[in-house]
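Okay, so here's the structure we're looking at.
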There are 2 protein chains.
Amino acid sequence: MTTPGTPAESLGIGQVADRTGLSVHALRFYEREGLLVGPVRRTSGGRRRYTAADVDWLGICVRLRESGMPLAELKRFAGLVREGPGNEPERLRLLDAHQRRVEEQIRALEECRSVIARKVGIYAEHVARGEAVGLWDPTAAAGGRPV
Amino acid sequence: MTTPGTPAESLGIGQVADRTGLSVHALRFYEREGLLVGPVRRTSGGRRRYTAADVDWLGICVRLRESGMPLAELKRFAGLVREGPGNEPERLRLLDAHQRRVEEQIRALEECRSVIARKVGIYAEHVARGEAVGLWDPTAAAGGRPV
DNA sequence: CTAGGAGCTGGAGCGCGGTCCAGATCAAGT
DNA sequence: ACTTGATCTGGACCGCGCTCCAGCTCCTAG
């Protein structure tokens, strides 16, 4: 698809920031921290030029981060990829473990949601009743928890 | 031992820590930060005694925190509850807004999960069939499959 | 009575994940 | 040439949410 070494296909840091949702600060930070698979190419003037592959990788980084992977682990993953073929089982273990954590997170969030939804329901009812009656009556304990 | 022979209706900070999953440090911190609805009762010796209502409230705090509510907002909520009846609509708005954020989080996580699951699938396939074959060369990134 | 563990306070410190600043350089438009 | 804006580097700094420390007190078990 892309002719190797074609500079026209590369993006500046600002454009990459736009596309990935990361700030330019974060992009430089990630690079410094070794979260990228390869070194970012530079123009003669020293500006970063990101390839499509760089952007793809950053997209993955964003997903992994969004789902709670710590930078340290992301760094480990980047390291494995950087090493090249041979460690796929390890990459798989890492991703798979993360996936399980994500599933657990979703489960936990759903539980939170249902707890909150119940509270919302209670308040909605109180509010509806209060507005129907006019004002809430502080003396009415209403037989429920105030929370 | 671990369990002081204390009256049933109130709990020491350690017991509350056990029941809520918060550390004793966190419990004292939350109190200092005004995240509790009322002041915690004390023994004559100055030790905290938590009521069931305190523990209930802390349970809610834990859920809200787990689902990403910042302490500042939790504090605001605590403040509203502390004020007593009259501000239910505001409490409702707060909880409802949070609930929506939680739902958005779940959505985002599910998207991440599916992206990750796809990667896991790819790696699983590679690992299953590729132990003997050279898989993918990171240096030949141009035009190659993304990681 | 004594020992040892749980709890107290105020305040310092920490890990994470960036964010921001200063001061310089590069690149593009007019 | 000049201006404007994007980008560069190294390092300082920040917000959040706790966590830990020192030094002391309380309280119960043996």
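In what follows, chains are A, B, ... by sequence order, proteins preceding strands, each numbered from 1. In this text, all values refer to a predicted model and were calculated from it rather than measured experimentally.
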Just how far, in rounded Å, is [atom2] of [N] from [atom1] of [X]?
| X | N | atom1 | atom2 | result |
| --- | --- | --- | --- | --- |
| B/Glu31 | D/dG17 | CD | C1' | 17 Å |
| B/Phe29 | C/dG11 | CZ | P | 15 Å |
| A/Glu66 | C/dG18 | CD | P | 11 Å |
| B/Gln15 | D/dC27 | CD | P | 15 Å |
| A/Arg28 | D/dT9 | CZ | P | 7 Å |
| B/His25 | C/dG10 | NE2 | C1' | 14 Å |
| B/Arg41 | C/dG7 | CZ | P | 16 Å |

(request) Nearest-nucleotide wise, let me know which of A/Tyr50 and B/Tyr30 is further upstream toward the 5' end of DNA chain D. (result)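 The residue whose closest nucleotide sits nearer the 5' end is A/Tyr50.
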(request) Using the closest heavy atom to pick a nucleotide of DNA chain D for each, name whichever of B/Pro70 or B/Gly46 lands nearer the 5' end. (result) B/Pro70
Taking every non-hydrogen atom, the tightest pair across [X] and [Y]:
| X | Y | result |
| --- | --- | --- |
| B/Val120 | A/Gln99 | CG2-OE1, 3.5 Å |
| A/Val24 | A/Gly14 | CG1-CA, 4.0 Å |
| B/Ser23 | B/Ala17 | C-CB, 4.2 Å |

Close N or O pairs between protein and nucleotides 11-15 of chain D (under 3.5 Å):
none

(message) Can you tell whether the side chains of B/Glu83 and B/Arg91 come within less than 4.0 Å, N to carboxylate O?
(response) no
(message) Could you check whether B/Glu125 pairs with B/Arg129 (Lys NZ or Arg NE/NH1/NH2 to Asp/Glu carboxylate O, under 4.0 Å)?
(response) yes
(request) Report yes if a side-chain nitrogen or oxygen of A/Ser23 is closer than 4.0 Å to either non-bridging phosphate oxygen (OP1 or OP2) of C/dT19; otherwise report no. (result)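 Yes, because at least one side-chain N or O of A/Ser23 sits under 4.0 Å from OP1 or OP2 of C/dT19.
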(message) Does a side-chain N or O of B/Arg42 approach OP1 or OP2 of D/dC26 to a distance below 4.0 Å, or not?
(response) no
(message) Once you measure the plane-to-plane angle for A/Trp57 and A/Phe77, does it fall in the parallel (<30°), tilted (30-60°) or perpendicular (>60°) bin?
(response)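 If you compare the ring of A/Trp57 with that of A/Phe77, the planes turn out tilted.
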(request) Would you mind classifying the nucleic acid contact of A/Arg65 as base, sugar-phosphate or nothing, using non-hydrogen atoms under 4.0 angstrom? (result)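 Counting heavy atoms under 4.0 Å across all strands, the contact made by A/Arg65 is with sugar-phosphate only.
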(message) Using only atom types and a distance under 3.5 Å, with no angle test, would you say the side chain of B/Arg49 pairs donor to acceptor with the backbone of B/Ser10?
(response) yes
(request) Report the end-to-end axis angle of the helix from C/dC1-D/dG30 to C/dT30-D/dA1; each axis comes from five terminal pairs, and the value is rounded to 10°. (result)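 That helix has its two terminal axes inclined by roughly 10°.
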(request) I would like to know whether B/Leu27 and B/Leu58 meet side chain to side chain contact (heavy atoms under 4.5 Å, CB included); could you show each step before the answer? (result) CA-CA 9 Å; B/Leu27 284 168; B/Leu58 283 166; 3.6 Å; yes
(message) For the CD atom of B/Glu31 and the CD1 atom of B/Ile13, what is their distance to the nearest 0.5 Å?
(response) 7.5 Å
(message) I need the B/Arg63 CZ to A/Ile116 CD1 distance, nearest 0.5 Å.
(response)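 One gets 9.0 Å once the value is rounded to the nearest 0.5 Å.
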Dump the pairs, protein N or O against N or O of nucleotides 1-6 of chain D, anything under 3.5 Å, distances to one decimal.
from  : atom 1 : to      : atom 2 : distance (Å)
D/dA6 : N3     : A/Arg47 : NH2    : 3.1

